[in-house]
Amino acid sequence: MALIVADNIHKDYQVGDVVVNALKDIGFEIEPASFVSFVGPSGSGKTTLLNLIGCLDKPSSGTLMVADTDIARLDRKESAAFRGRHLGFIFQDFNLIPVLTVYENIEYPLLMVQNGPPADRKGRIERLLAAVGMTDQKDKYPDQISGGQKQRVAIARALVTNPELVLADEPTANLDSQTAYAVINLMKRMRDELSTTFIFSTHDQKIVGEAEVIFRLEDGRLAAKETKGGASHG
Ligand code: ADP
Ligand code: MG
């Protein structure tokens with residue numbers, strides 16, 4: 001059973017008198033525990049598509065099933081609950097809370113959901129700190145760690161609620177290429193360990209090769225799907 005099924009998705013933005021067709025007839029399936037990239041130049045629709053899958057915006061038409069839920073039908077409150085239960089997010093500019101420590105940043109999403117007794121929470125945070133190699137830095141504040149370290153904290157934060165799916169919009173755009181590889185490979189290792197599906201967007205042709213499934217976007221259309229076993233066009 002696919003984790004995500006998109007069928008004939010269109011997304012239009014109205015800007016004054018002009019309609020921008022940001023996504024056109026997008027259809028695909030993504031299996032659980034996949035490691036997926038959406039790649040395409042700036043303006044090709046990557047953020048728009050991630051926002052739809054992330055239940056942050058709605059398609060103009062078409063159906064989008066995520067974890068067996070028709071997410072276009074959810075109202076605001078249901079969308080927020082769905083995100084809390086099923087999704088984790090990683091951002092280009094890390095979005096750590098500056099007044100919280102590394103530990104507290106990872107803990108933060110757990111305070112938003114009812115998620116077991118405090119002792120269990122502490123154990124989960126400590127396991128994730130170790131998994132992303134940040135145990136020694138747990139009492140530091142975001143401005144005391146590097147960009148790559150911030151993104152490792154953000155990966156742990158995205159995973160702390162045990163989501164099925166983590167969405168990362170250009171997570172390496174503010175990192176040098178060596179750190180970018182390390183961050184992508186850390187996400188892949190977390191997928192291996194936790195079977196969490198990861199989808200990251202990028203316009204960087206080098207790191208996209210680390211993905212196992214690649215969807216190429218061109219001008220709002222899905223131009224190609226490539227998998228490690230071969231490519232199919234259409
Ligand atoms: P990418 O993330 O690949 O750079 P986007 O999804 O941000 O692409 O944008 C796709 C297209 O939709 C672009 O033409 C962009 O200008 C347009 N667009 C994105 N967001 C909005 C918005 N909120 N209002 C109007 N147009 C938008
Ligand atoms: Mg974008």
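Atoms within each ligand, like the ligands themselves, are counted from 1 in listed order.
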Quick one: does [X]'s side chain have a donor or acceptor within less than 3.5 Å of a partner on [Y]'s backbone?
X      : Y      : answer
Gln14  : Gly16  : yes
Thr69  : Ile71  : no
Lys24  : Ile9   : no
Glu104 : Lys138 : no

Under-4.0 Å salt bridge between Lys188 and Glu193:
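Answer for the salt bridge query: no.
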If you measure from the Lys or Arg side-chain nitrogens to the Asp or Glu carboxylate oxygens, is any gap between Asp192 and Arg189 under 4.0 Å?
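Salt bridge absent between Asp192 and Arg189.
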Out of all atoms in ligand 1, which are within 4.0 Å of some heavy atom of [X]? Include the element for each.
X     : value
Ala22 : 11 (C), 12 (O)
Val15 : 25 (C)
Ser42 : 4 (O)

Among all protein non-hydrogen atoms, which one is nearest to [atom], and what is the separation to 0.1 Å?
atom                    : value
atom 5 (P) of ligand 1  : Thr48 OG1, 3.7 Å
atom 8 (O) of ligand 1  : Gly45 N, 3.2 Å
atom 7 (O) of ligand 1  : Thr47 CB, 3.8 Å
atom 23 (N) of ligand 1 : Tyr13 CE2, 3.7 Å

Below 4.0 angstrom, counting only protein heavy atoms, does anything approach atom 26 (N) of ligand 1?
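Within 4.0 Å of atom 26 (N) of ligand 1, protein heavy atoms are found.
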I'd like to check atom 15 (C) of ligand 1 in this structure: does the protein have a heavy atom lying under 4.0 Å from it?
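False for atom 15 (C) of ligand 1.
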Measure Pro41 to ligand 1 on non-hydrogen atoms and call it side chain, backbone, both or neither using the 4.0 Å cut-off.
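The answer is the backbone of Pro41.
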Mind checking whether Gly40 has a heavy atom under 4.0 Å from ligand 1?
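Flag not set, Gly40 not near ligand 1.
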Heteroatom test (N, O or S) for Thr47 near the Mg ion (ligand 2), limit 2.8 Å:
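It does; at least one qualifying atom falls short of 2.8 Å.
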Side-chain heavy-atom pair Ser42, His203 within 4.5 angstrom cut-off:
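Side chain of Ser42 against side chain of His203, heavy atoms only: no contact under 4.5 Å found.
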When only distance counts, is Gly43 in polar contact with ligand 1, meaning an N/O pair under 3.5 Å?
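N/O-N/O distance below 3.5 Å exists for this pair.
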Checking Thr47 against Asp169: is there a side-chain donor and acceptor pair closer than 3.5 Å?
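Note: Asp169 and Thr47 side chains meet the donor-acceptor criterion.
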Same cluster for Val213 and Met65 if Ile/Leu/Val/Met/Phe/Trp/Tyr side chains link at under 4.5 Å?
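No, no single cluster joins them.
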